[in-house]
Structures are given as C-alpha cells and as structure tokens.
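Working notes, beginning with the structure itself.
In this text, all values refer to a predicted model and were calculated from it rather than measured experimentally.
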Amino acid sequence: IQNYGDMFIQNLQVTDDLAATFPPTCVPTVISITSSDFVENVNYNGVSDINLLSGTDNLPIGGSGSISLTIHIDECGTDFGPFSNTAILTGASPFDVTITDDSQDGSNPDPDADGDPTNNDEPTEFEFAENPVIGIAKRALSVDNLPDGSSTVTYEFNVRNYGNVGVSGLQVTDDLA
C-alpha cells in the first residue's frame, strides 16, 4: 500500500472478499492478519466481514505500509484452481473525495513506474498443487517353523496416503521372490 498522490489519505480501508475468490465448496479460515503499519480489523473473516483494516488509518504523502494475511483453505475437494484474488484499497482525500485502487499482483503497486497505480490491477492468481503421495510398509508379524521343515510367515502391510488428494484403484502386490 503506497500513497502516490499529493495529499494525505484518511480512513484507509482494504477489502479482500475470499467468497469471491473461492467456490462455495472451499472453506477459508483466517489464521492471522498482521500489520506494523495499520490497525487490523480483528473481526475480518474474508466472507461476512471483508474489511482488513479498522478504517481509521491515515496515509501521508509518499507513505506506505503492508498487511500480512494468512488463511487456511479446506474442503475444496478436487478444485485446485486456478483461483483469482483482488483486494480493493479505499480512502478519502482531505476534501472527502473517495479514492480507490484494485490490487496489482506482486509486491509493487505501480510496476510500470508511471506514478499511477490505478492503471495496474492484475489479480493475484494461484492454484494448489496436486500432490499424490502414497507409502507402504511391510513387516513379518510371525514366523512359524513347521515339523515338516517348512515355515509359515504372516506379514502385515500398512498403506498410507501422505498426499493431499484421494487415491483410487489402489492395489498391493507382493511377488514373494
């Protein structure tokens, strides 16, 4: 967040609507919202309350600051994205003229360096990587030596899904060779 204008901005607010970013099957939960520059809205949940800030901050000419938001997404099923997210910055001039800007992907609000961040508004796009990982362990539970010189071995196989997606058609084979 940076003030590129020639007057201070009052009543600074940033909105981030997570319900507009994710489909209804995804459940966003806010883990943390922090800023050493602005007063955070402790009630922000990204769905029913989309204001990241308290709305009382001022930003001086040339002033800047940042907000850090960490969320947990659950229940998306097989929807790994891509997802597109835009935050909206609003404030007021000393003459109560509303000022607004849509976020720009990356850490620079004005990547074309023309002094006008309002003409840079590429949304932040991301997707969750599908990570199918399975593991198997095998151990001999018991070995019985029989009177005829043969043996009986009982094995235990433990199969686990370590990935972030369901696994179907799973088969375990052992050629005992």
Handout entry: Side-chain heavy-atom pair I67, L53 within 4.5 angstrom cut-off
Key = yes
Handout entry: Any side-chain donor near an acceptor of the partner, S54 and T56, under 3.5 Å
Key = yes
Practice task
Please report the closest heavy-atom contact between S103 and T86, naming both atoms and the distance.
Solution key: OG-CA, 3.6 Å
Practice task
Quick one: closest heavy-atom pair of N161 and G166, and the distance?
Solution key: ND2-CA, 4.0 Å
Practice task
Begin from the C-alpha positions of I33 and L52 and carry the test side chain to side chain contact (heavy atoms under 4.5 Å, CB included) through to its verdict.
Solution key: CA-CA 8 Å; I33 176 172; L52 290 166; 3.3 Å; yes
Exercise for the section: Any chance you could measure L18, atom CG, to I73, atom CD1, to the nearest 0.5 Å? Expected result: 6.5 Å
Exercise for the section: Assess the side chains of N51 and T15: does a donor N or O sit below 3.5 Å from an acceptor N or O? Expected result: no
Problem - CZ-CG distance between F22 and D17, expressed to the nearest 0.5 angstrom - result: 11.0 Å
Exercise for the section: Return yes if a side-chain donor-acceptor contact under 3.5 Å exists between N158 and E156, otherwise no. Expected result: yes
Exercise for the section: Please examine the side chains of I71 and I31, heavy atoms only from C-beta on, and report whether any two atoms are closer than 4.5 Å. Expected result: no
Problem - Pairwise side-chain contact, F8 with L59, heavy-atom cut-off 4.5 Å (strictly under) - result: no
Problem - Rounded distance (nearest 0.5 Å) linking atom CZ of F126 with atom CG of D105 - result: 10.5 Å
Exercise for the section: Indicate the atoms forming the closest heavy-atom contact of N3 with P60, along with that distance. Expected result: ND2-O, 3.2 Å
Exercise for the section: Indicate, with yes or no, if I99 and I1 share a hydrophobic cluster defined by side-chain heavy-atom contacts under 4.5 Å among Ile, Leu, Val, Met, Phe, Trp and Tyr. Expected result: yes
Handout entry: Side chain proximity check, T152 to L146, heavy atoms < 4.5 angstrom
Key = yes
Practice task
Locate the shortest heavy-atom distance separating V165 from E130; write the atom from each residue and the value.
Solution key: CG1-CG, 3.4 Å
Exercise for the section: Kindly give the heavy-atom pair with the smallest separation between N164 and A129, and that separation in Å. Expected result: ND2-O, 2.9 Å
Practice task
Say whether S93 and D96, considering side chains only, have a donor N or O and an acceptor N or O under 3.5 Å apart.
Solution key: no
Practice task
Give the minimum heavy-atom separation between P109 and Q104, together with the two atoms involved.
Solution key: O-CB, 4.0 Å
Completion exercise
In this structure, NE2 of H72 is separated from SG of C26 (nearest 0.5 Å) by 11.5 Å
Practice task
Report the C-alpha distance between S48 and N45 in whole Å, list the side-chain angles of each, state the deciding distance to 0.1 Å, and finish with yes or no for side chain to side chain donor-acceptor pair (under 3.5 Å).
Solution key: CA-CA 7 Å; S48 64; N45 62 23; 2.8 Å; yes
Handout entry: Within one Ile-Leu-Val-Met-Phe-Trp-Tyr cluster: V30 and V39, side-chain cutoff 4.5 Å
Key = no
Handout entry: Cation-pi, F157 ring and K138 (6.0 angstrom, 45 degrees)
Key = no
Problem - N/O donor-acceptor pair under 3.5 Å between T100 side chain and L89 backbone - result: yes
Problem - Close side-chain approach of I134 and R160, heavy atoms under 4.5 Å - result: no
Exercise for the section: Would you kindly confirm whether I136 and L170 end up in one hydrophobic cluster when ILVMFWY residues are joined by side chain heavy atoms under 4.5 Å apart? Expected result: yes
Problem - Side chains of Y44 and V14 in contact at under 4.5 Å (non-hydrogen atoms) - result: no
Handout entry: Side-chain touch D174/V172, heavy atoms, less than 4.5 angstrom
Key = no
Problem - Rounded distance (nearest 0.5 Å) linking atom CZ of F83 with atom CD of E127 - result: 8.5 Å
Exercise for the section: Verify whether one side chain among T21 and N85 offers a donor that lies under 3.5 Å from an acceptor in the other. Expected result: yes
Exercise for the section: Verify the cluster assignment for V167 and V133: are they in a single hydrophobic cluster under the rule of side-chain heavy atoms below 4.5 Å apart? Expected result: no
Exercise for the section: Please check if Y4 and F38 belong to a single hydrophobic cluster, counting links between Ile, Leu, Val, Met, Phe, Trp and Tyr side chain heavy atoms closer than 4.5 Å. Expected result: no
Practice task
Hey, could you give me the OG/CD distance between S66 and Q2, rounded to the nearest 0.5 Å?
Solution key: 11.5 Å
